[in-house]
Amino acid sequence: METITKFKKQVSQEKTIKISGAEAVVKSLLAEGADLIYGYPGGAIMPVYDELYKYQDKLHHVLTRHEQGAVHAAQGFARVTGKVGVAIATSGPGATNLVTGIADAQIDSTPLVCITGQVGSHLLGSDAFQETDIISISTPVTKWNCQITKASEIPEVMAKAFYIAKSGRPGPVLIDITKDAQFGELDFKYKKCKEIRSYTPAPRIEISKIEAAAELINNAKKPFVVFGQGVTLGKAEEEFKAFIEKAEIPSASTLLGLSALPTKHNLNFGMVGMHGHYAPNVLTNACDVLIAIGMRFDDRVTGNLETYAKQAKVIHFEIDPAEIDKNVKTDVAVLGNVKDTLAEILPLLNKNKHESWLQEFKDLYHVEYKEVIDAQLNSSSQKLTMAEVIEALNNETKGDAILVSDVGQHQMVTSRYANYGKNRSGVTSGGLGTMGFALPASIGAKMGAPDREVVAIIGDGCMQMNIQELGTILQTKVPVKIVVLNNEFLGMVRQWQELFFDKRYASTVMINPDFVKIAEGYGIKANRVSKREDLKSAIAEMIASKESYFLEVNVEKEGNVFPMIPTGATVSDVRLK
């Protein structure tokens with residue numbers, strides 16, 4: 001009798017139901033736990049939107065004001081939660097408007113599932129209204145993509161999409177669904193994907209590589225760690241902290257690695273790269289063992305590869321085999337999820353001290369503080385510096401806020417001066433450098449982390465790239481805080497023009513609108529600060545607000561971000577002025 005009962009229960013669980021393809025999309029999303037999506041409707045995706053209307057109590061759809069806003073919002077959500085973000089759009093221009101955000105997610109390893117509508121399958125290739133070959137367009141910037149032309153394909157493809165997006169090195173997946181597939185019927189049964197033939201998300205760990213890496217580290221006199229977002233993506237923050245503490249190794253992060261280790265940790269010496277901190281840049285070319293963890297040796301990190309860390313043995317902890325030896329020749333490659341590989345190597349490490357080596361970092365920090373940091377934080381200029389604004393935010397939020405920065409000078413200043421006390425606190429566009437990223441990404445970040453303060457830090461140029469997403473804030477009432485650092489320039493380009501083009505400011509002067517009036521027009525409380533004595537109270541009022549808040553800060557017009565490694569220079573040639 002018990003066996004018969006179990007059999008009936010099993011049959012009941014596997015029972016199929018006949019539904020439309022559009023409803024199958026919605027049910028697939030719910031089966032994957034994706035109850036929050038961002039998008040913009042249109043003709044070719046209308047059947048799915050009709051089903052979303054019926055499932056409003058289970059799946060929350062956020063109407064952004066542009067498809068690019070939708071995909072950036074999904075990115076912000078994914079970055080702070082570690083979950084897969086979902087964006088949805090129609091065919092043609094709706095689909096192509098997603099592409100910038102998809103490319104951004106690809107290079108920054110952000111897990112997304114993007115769903116686009118498509119013209120009926122009988123019209124494919126006929127140049128029908130709003131038909132675009134989004135599969136061909138998106139192939140170079142997706143981890144995987146697929147076009148669905150039959151309703152019966154939807155559950156399996158959706159399951160694969162979520163599995164591929166979040167497994168191994170994460171990334172964006174695009175699913176294009178023809179309109180007839182949305183209208184068609186299928187016997188719906190959903191089974192989550194757990195493996196795909198020929199796809200290996202995480203390489204097998206080779207113990208011999210772990211042992212070789214441990215030997216190099218144990219014998220090193222001047223070891224140095226550069227860590228990236230792989231620590232966060234691998235949820236390896238605790239293992240990483242134990243690793244550097246046991247061997248007492250000075251460390252510095254890439255731009256996307258920020259917040260994987262608390263800013264104030266005694267072994268955290270800041271950020272490497274073009275506008276990184278002085279000590280880790282200079283001493284990259286002085287270490288004897290360079291340990292790269294979850295990073296890809298981007299050109300903004302390495303500078304001139306011909307002179308990058310040539311004196312050092314290089315150990316690379318990495319999940320993606322394609323990154324090994326791509327830019328920097330590795331002596332020992334340790335493949336696998338860094339959470340697992342760091343746990344494996346930890347027992348093999350000697351408890352160590354590197355006092356004189358650490359002192360070299362501290363000494364160079366004092367040089368940078370005297371030459372750069374003090375002048376920025378305690379400026380004698382009449383105009384506020386960007387660094388002063390970030391420091392005021394630090395003081396008010398105590399390092400607990402999520403800071404979502406856009407791209408440019410304000411991004412580099414934020415990365416250099418922000419105090420990150422918790423993981424997943426620094427969100428920005430790294431590899432693609434997408435202006436207009438921060439406003440929609442901050443909306444997604446706040447929805448993903450409603451209990452945390454989320455502050456978008458945006459330049460006056462970037463603000464006007466996706467300013468329409470203030471309308472999304474108006475409609476959703478999401479309490480995002482927005483700080484616009486206004487220097488009336490495209491600041492980063494202007495800095496290069498000053499230093500390398502004899503101050504020929506070609507097309508970088510910005511004549512801006514009244515940002516405060518625009519924000520108020522969207523129902524957002526707004527304020528403007530120009531004087532140093534007003535900054536602290538303005539920041540405090542903004543953070544105290546329970547609703548969204550817009551703060552424009554007028555900063556010095558021709559301020560520069562230093563240190564700086566000029567293009568083509570070596571990391572040890574970093575300039576302080």
Side-chain angles (χ1 to χ4, degrees), residues 16-32 34 37-55 59 61 63-64 67-68 70-71 74 84-99 101-102 112-165 172-191 193 196:
T16 59
I17 54 173
K18 189 170 284 294
I19 61 174
S20 71
E23 187 175 4
V25 172
V26 176
K27 283 185 171 291
S28 298
L29 289 170
L30 291 171
E32 293 290 346
I37 65 176
Y38 302 87
Y40 204 96
I45 197 68
M46 207 174 292
V48 170
Y49 269 86
D50 189 52
E51 293 299 332
L52 288 172
Y53 182 83
K54 300 172 188 176
Y55 281 81
L59 200 159
H61 174 273
L63 174 64
T64 58
E67 292 88 354
Q68 185 179 350
V71 70
V84 178
V86 180
I88 185 168
T90 192
S91 63
T96 58
N97 282 343
L98 292 177
V99 171
I102 292 171
L112 296 182
V113 169
C114 296
I115 300 166
T116 55
Q118 184 55 275
V119 300
S121 57
H122 67 290
L123 293 172
L124 289 173
S126 70
D127 292 333
F129 177 68
Q130 290 195 333
E131 181 197 0
T132 296
D133 184 358
I134 193 62
I135 294 297
S136 295
I137 291 171
S138 65
T139 295
V141 294
T142 50
K143 189 175 178 184
W144 182 64
N145 63 14
C146 182
Q147 186 174 78
I148 296 174
T149 58
K150 297 178 181 177
S152 59
E153 300 169 340
I154 289 172
E156 183 179 358
V157 172
M158 290 288 287
K160 281 185 178 180
F162 275 87
Y163 175 66
I164 291 170
V173 170
L174 183 135
I175 305 302
D176 191 45
I177 311 175
T178 60
K179 202 166 183 178
D180 52 321
Q182 296 171 53
F183 278 126
E185 288 192 333
L186 72 154
D187 293 323
F188 182 80
K189 183 173 65 174
Y190 197 82
K191 182 180 180 182
C193 181
I196 298 173

Going by side-chain hydrogen bond (donor to acceptor under 3.5 Å, both in side chains), S121 matches just one of T178, D180, T149. Which one? D180
Residue pair H61 / Y53, side-chain heavy-atom distance below 4.5 Å: no
Is any side-chain heavy atom of Y190 closer than 4.5 Å to one of K27? no
Take atom NZ in K18; do more than 12 heavy atoms of anything else shown fall under 6.0 Å from it? yes
Measure from the side-chain N and O atoms of S28 to the backbone N and O of P155, and report whether any donor-acceptor pair falls under 3.5 Å. no
Sub-3.5 Å donor-acceptor pair from the side chain of Q182 to the main-chain atoms of A44, do we have one? yes
Is Y49 reaching over with its side chain to a backbone N or O of Y40, donor-acceptor style, under 3.5 angstrom? yes
Tell me if a side-chain donor or acceptor on N145 pairs with a main-chain N or O of I135 at a distance below 3.5 Å. yes
Sub-3.5 Å donor-acceptor pair from the side chain of K179 to the main-chain atoms of G43, do we have one? yes
Has N97 got a side-chain atom pairing as donor or acceptor with P93's backbone, closer than 3.5 angstrom? yes
Between Q118 (side chain) and T132 (backbone), is there a donor-acceptor pair under 3.5 Å? yes
With a 4.5 Å limit on heavy-atom distance, are the side chains of L124 and Q147 in contact? yes
Hey, is the main chain of G101 close enough, under 3.5 Å, to the side chain of Q68 for a donor-acceptor pair? no
